Amino acid sequence: MADQAFVTLATNDSYARGAMVLGKSLKNHKTSKKLVVLIGPHVSDQSRAVLHNIYDEVRLVDVLDSGDAAHLAMMKRPDLGVTFTKLHCWTLTHYSKCVFMDADTLVVSNIDELFDREELSAAPDPGWPDCFNSGVFVFCPSNETYGKLLQYCTQHGSFDGGDQGVLNGFFSDWATADITKHLPFIYNMSSIAIYTYLPAFKQYGANAKVVHFLGQMKPWSYTYNPSQRRLKGDMQGSLDPSFLLEWWALYSGEVVPLLMGDYGDQPFYSGCEEDVAESTHVQPIMSSAERKQKWEQGQADYMGIDSFDNIQKKLDVFLK
Ligand code: UDP
Ligand code: MN
């Protein structure tokens, strides 16, 4: 439908890459909705060109800061101030209904059914489930609501210094009023769930429709070797790398070629590299029975013996 859209936000080139991958993932899963990206003034011309290639609408917005720097510092996430810019999405009144998605989300299945939901629908936050996570939410653009949101900000601020605090304060009956406004967790499956509740992840993780790489380490914080299909970097906080690898496969396969086109002869850092030094991880000695038992208890050694590389090696041997 022409009056419904997915909306995301990128205030710099790193998040812009996230937005590119998100847009590609929505298109690859054949969304029938429009795609809109809100950008800040610091996004480079090259990134804008690629965003124009993927999105129907690229809208420049002035960054609104919450002015609550003390709160933000307390949360050790000073970078979240810019997420206030998210509120601009309510001004997209040429659409009747939208789904906002953080630029650090990846769609792994068609999610157009979200447009059957009403404002404000969102999934529970894994850290405080009576709050919704503001990484994915259904909303109806309205200048009236936008005005009220801004008024709410000036009167009450944000209890966490970011947009999630404001939105939860404003839509404060979300937890209790209407269960249909609670999106299933599979529409905003945060990577945090993987290490806080691994058995549930093993049981339900395959049903995920949207993966959210929330927290400090974003997919673009790693480097990737496309020929070996492996990641380099501190893997803490994302014990199961399969979704990260999916992000990187899409980025290196479909986004980097677009970026290369727009950068021309200018060098740019894609995050992809060809030679990753061989892992020197010392593998613990464990019997196969012990190992099986650990697996079944959800205690796979993802960093070592059960790493993706080792599983892949085993599969390769098996398939040969
Ligand atoms: N964002 C942005 N620039 C920034 C920080 C955040 O554009 O410097 C946008 C981006 O869409 C991002 C969202 O705000 O996905 C929320 O921030 P983030 O995802 O980093 O927060 P988290 O989900 O980790 O709490
Ligand atoms: Mn996020």
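One-based numbering, in listed order, for ligands and for the atoms of each. For clarity, every value in this text was computed on a predicted model and none was experimentally measured.
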At the Mn ion (ligand 2), OD1 of D104 and NE2 of H212 open up to roughly (10° bins) 90°
Closest to atom 16 (C) of ligand 1 (heavy atoms only, candidates D102, D125, D104, T105) is D102
From the candidates Q216, H42, K218, the one that places a heavy atom nearest atom 24 (O) of ligand 1: K218
Could you tell me, atom by atom, which parts of ligand 1 come under 4.0 Å of a heavy atom of N12? 8 (O)
Atoms in ligand 1 with a heavy atom of A10 nearer than 4.0 Å: 7 (O)
Check for me whether the distance between the ring centres of W248 and Y222 falls short of 6.0 Å. no
Ring center gap for W174 and F171 short of 6.0 angstrom: no
Looking only at distances, can you tell me whether any N or O atom of [X], backbone or side chain, sits closer than 3.5 Å to an N or O atom of ligand 1?
| X | result |
| --- | --- |
| L9 | yes |
| T11 | yes |
| L214 | no |

Quick check on G215 - does any of its heavy atoms sit under 4.0 Å from an atom of ligand 1? yes
Residue-ligand contact H212/ligand 1, heavy atom below 4.0 Å: yes
Do [X] and [Y] have side-chain N/O donor and acceptor atoms under 3.5 Å apart?
| X | Y | result |
| --- | --- | --- |
| D102 | H212 | yes |
| E57 | Y95 | yes |
| S227 | N225 | yes |

Assess K33 against F115: is NZ or CZ under 6.0 Å from the centre of the six-membered ring, and within 45 degrees of the ring's axis? yes
Whether E119 and K97 form a salt bridge (side-chain N of Lys/Arg under 4.0 Å from carboxylate O of Asp/Glu) is what I want to check. no
Are the charged groups of K209 and E113 less than 4.0 angstrom apart, N to O? yes
For the Mn ion (ligand 2), which N, O or S atom of D102 is at the shortest distance? OD2
